[in-house]
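Right, one structure below, let's go through it.
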2 protein chains.
Amino acid sequence: MLEVVEAKTTEDLMAEIGQRARAAGRILAIAPADQKNKALAEMAAAVRVATPDILAGNRLDLEAMKAGGQTAAFLDRGTLTEERIEAIAKALEDIVALDDPVGSVIAAWDRPNGLKIERVRTPLGVIGVIYESRPNVTADAGALCLKAGNAVVLRGGSDTINSNRAIHAALQKGLAAAGLPEDAIQIVPVTDRAAVGEMLRGLQGNLDVIVPRGGRSLVERVQTEARVPVFAHLEGLVHIFVDKAADLEKSVEVIVNSKLRRTGICGALETLLVHEDVAHSHLPVIVKALQEKGCEIRGGAIVRDICENIVPASEDDWSTEYLDKILSVKVVADLDAAMEHIARYGSNHTDCILTEDQATADRFQREVDSAIVLHNASTQFADGGEFGMGAEIGIATGRMHARGPVGVEQLTSFKYKVHGTGQTRP
Amino acid sequence: MLEVVEAKTTEDLMAEIGQRARAAGRILAIAPADQKNKALAEMAAAVRVATPDILAGNRLDLEAMKAGGQTAAFLDRGTLTEERIEAIAKALEDIVALDDPVGSVIAAWDRPNGLKIERVRTPLGVIGVIYESRPNVTADAGALCLKAGNAVVLRGGSDTINSNRAIHAALQKGLAAAGLPEDAIQIVPVTDRAAVGEMLRGLQGNLDVIVPRGGRSLVERVQTEARVPVFAHLEGLVHIFVDKAADLEKSVEVIVNSKLRRTGICGALETLLVHEDVAHSHLPVIVKALQEKGCEIRGGAIVRDICENIVPASEDDWSTEYLDKILSVKVVADLDAAMEHIARYGSNHTDCILTEDQATADRFQREVDSAIVLHNASTQFADGGEFGMGAEIGIATGRMHARGPVGVEQLTSFKYKVHGTGQTRP
């Protein structure tokens, strides 16, 4: 394959990848659930068999990363072990167990003239995934797209190209064993940025949607430059509002969990808003619980008056996604002030209200314009698996097509089947 | 308003329109159904009261169009009468009667940890409608967007700017009477193409989707240049396949209706494919019925052998949307050949199979990749009203978000409401 690559421009290479993906997508679109599931199971088996090859590829990548002076956290994300490869295989098997979305009836109704109309799920087409140095995404994204009947073009980080190639070879064995086209899951074999540019331009009409998986700068570039739809979120600037009718004990538990269970995920709490009526009663207890677990609290004059050891907050704090053991805290006059703050600084990802007053919760959940709006539950539930959707390819904050966790159903489109008995239109 | 317009660049003007639309959209998004319905009813009343003003505006437009040498058909589309204005008012009232999509629960489920998850419809945001010289679109599109809680920016054809302004003034009276922001429905007050360019670039992030309504060249420009999602179809290259198990009598009725009920709509039949096993038995009867009603039939050698008065078809005929009393006809070997023809020449809009064999119908409806796939029914049912959706803003052939008739539901997004009792994530 490399010989072919070297003889072509990136533009020609990517155009051909797009054409092959489109052709494979046509076959996948009508492939029965059993055949796709067989491919997924064979892919899991092939990944297990290929463990030595995948580890060998990963060693090459890690040596290059170390030589390049990458950070320990970066190296850890890019490192594969036998255990992590088994987890990749297991994740493929989990996708077998999901319901096949293709062909499922979303809605059905009858017309007075006897026509029966069904709205039925269909695949989206060809999906492009652009991701950074996490080799497991090669298998996860490939499998999720396949389950929904889509062809996929994977462009992973150059740092893990050898790991990705070894995993991809196993996926192709699984496809072949099930009689599905190997072009259903392609990886971009070159690492230049021009290849990404071709994907952002839509592979000459052969790419229907792009999913970026990685840090802010990657997502920002994709959202700015893509000429095709993008399923993504730039950041998760997650708020919790402690209403005047919030239960204190429940609040402490939910807030500590939302902030500290894992600080690096997009559903982690970043800003706490507290109704002034309970600022004195609730805030010191909440702040103390967080500080005891090593969390830094930043706040303005009112917060500093009420609590101890508060770092002064600047205007920037309200728009900072810390992804760390830091929380900004603000006392607000009421529900409206809380919702105004969220509208101004939020990222339409996940926000939460803590209250025992149902009418207040209803208003918050109706009016806050975020993909996920919770009442009395940890913001760390913002996750496709926790929603019961199975695997997800990411969380989207846009309003078009997919919003919230993007699982197999969100990777589908639909069509209308109209069943008649010879009806004509008057 | 014109004074203000003249003092600003089109770019500044359009940016301000976008900002005002976004602000109005935030208010509309949480407006109760009653308030929106009151606005719609008041709009209908205001249109009736404004009939003399609307007719006066329309006279100005018609004089300019006549001076410009426009065709009779173009003039007819742009002409308003008391009857047509009453129809506009009535259409507004019909939209009152539709269910409010905002807040309706699309899906709801419980998690083992007690969380209750709801997927609930929300407005899309700000919708741009770019249309040609049909003044009724000003009211139809404005009202449909309002019903779904969206702000709308309307850019009508310059030929009917005075008619549009008079209708728009009535719509704004209705909004004001219901206490809703007048910026919820704005018309672009200038007629230069640069204004369209600003809309295609998305009004600096304040336009979420564009709906073009008009001829092929308008839709083509919008689809090519828009940097925001577009709900549209370029053409309706509609096929019917007469299977070997097709009932002859039913076929004649459905085909004549599909082709000739109205030839100028996107659901009108353009190409007939006939299984070779029934070409001799069925095709002459079908062709004769069409010819008796003045339809020209174009076909290849086989069709000319079987039928009389056939115009030779060229390769171009298979990709021509006639929108006229002309039909291209081809004899095909089997179902696969028919589906291959549709995949190659079709426009993913509407296609139909005539057969008494359920398994064949199932395969056709599953495998043909069109927004609407019918079995034993006229293709002229490809219409939101006929689907029972109420008014539609158009028919979309893309796979993202909306597909098929675009009614109020398709003008919405969704969010997740998660209801807890203090759950934290382990």
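Computed from heavy atoms alone, side chains included, the values below leave out hydrogens, waters and symmetry copies. Letters go in sequence order (proteins before strands), and every chain restarts at 1.
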Count the heavy-atom pairs under 4.5 Å between each of Glu253(B), Glu356(B), Arg119(B), Arg366(B) and chain A, then report the option with the highest count. Arg366(B)

Using heavy-atom distances under 4.5 Å, tell me whether Ile30(B) contacts chain A through its side chain, its backbone, both, or neither. both

Does any heavy atom of chain B fall under 4.5 Å from the side chain of Asp247(A), the backbone, both, or neither of them? neither

Considering only heavy atoms, which portion of Leu115(B) lies under 4.5 Å from any heavy atom of chain A: side chain, backbone, both, or neither? side chain

Please check this pair: side chain of Arg261(A) against backbone of Pro426(B), looking for a donor-acceptor N/O pair closer than 3.5 Å. yes

Turns out that what part of Pro123(B) lies under 4.5 Å from chain A's heavy atoms comes down to backbone

Which atoms of Ala29(B) approach chain A - backbone, side chain, both or neither, heavy atom under 4.5 Å: neither

Counting only non-hydrogen atoms closer than 4.5 Å, does Ala343(B) touch chain A with its backbone (N, CA, C, O), its side chain (CB onward), both, or neither? neither

Checking Thr379(B) against chain A: side chain, backbone, both or neither under 4.5 Å from a heavy atom? neither

Exceeds 12 heavy-atom contacts within 6.0 angstrom, atom CZ of Arg262(A): no

Main-chain N/O of His419(A) paired with Gln365(B) side-chain donor or acceptor, under 3.5 Å: no

Check each atom of Glu118(B) against the heavy atoms of chain A and say whether the ones under 4.5 Å are side chain, backbone, both or neither. neither

Is it the backbone or the side chain of Val102(B) that comes under 4.5 Å from a heavy atom of chain A, or both, or neither? neither

Proximity breakdown for Arg403(B) and chain A, heavy-atom pairs closer than 4.5 Å: both

Once you round to the nearest 0.5 Å, how far does NZ of Lys417(B) lie from CD1 of Ile372(A)? 14.5 Å

Chain A heavy atoms under 4.5 Å from Asp383(B): which part of the residue, side chain, backbone, both or neither? side chain

Okay, Lys250(B) and chain A: the region with an atom under 4.5 Å from a heavy atom over there is side chain

Pair Arg425(B) + Glu386(A), salt bridge at N-O below 4.0 Å: yes

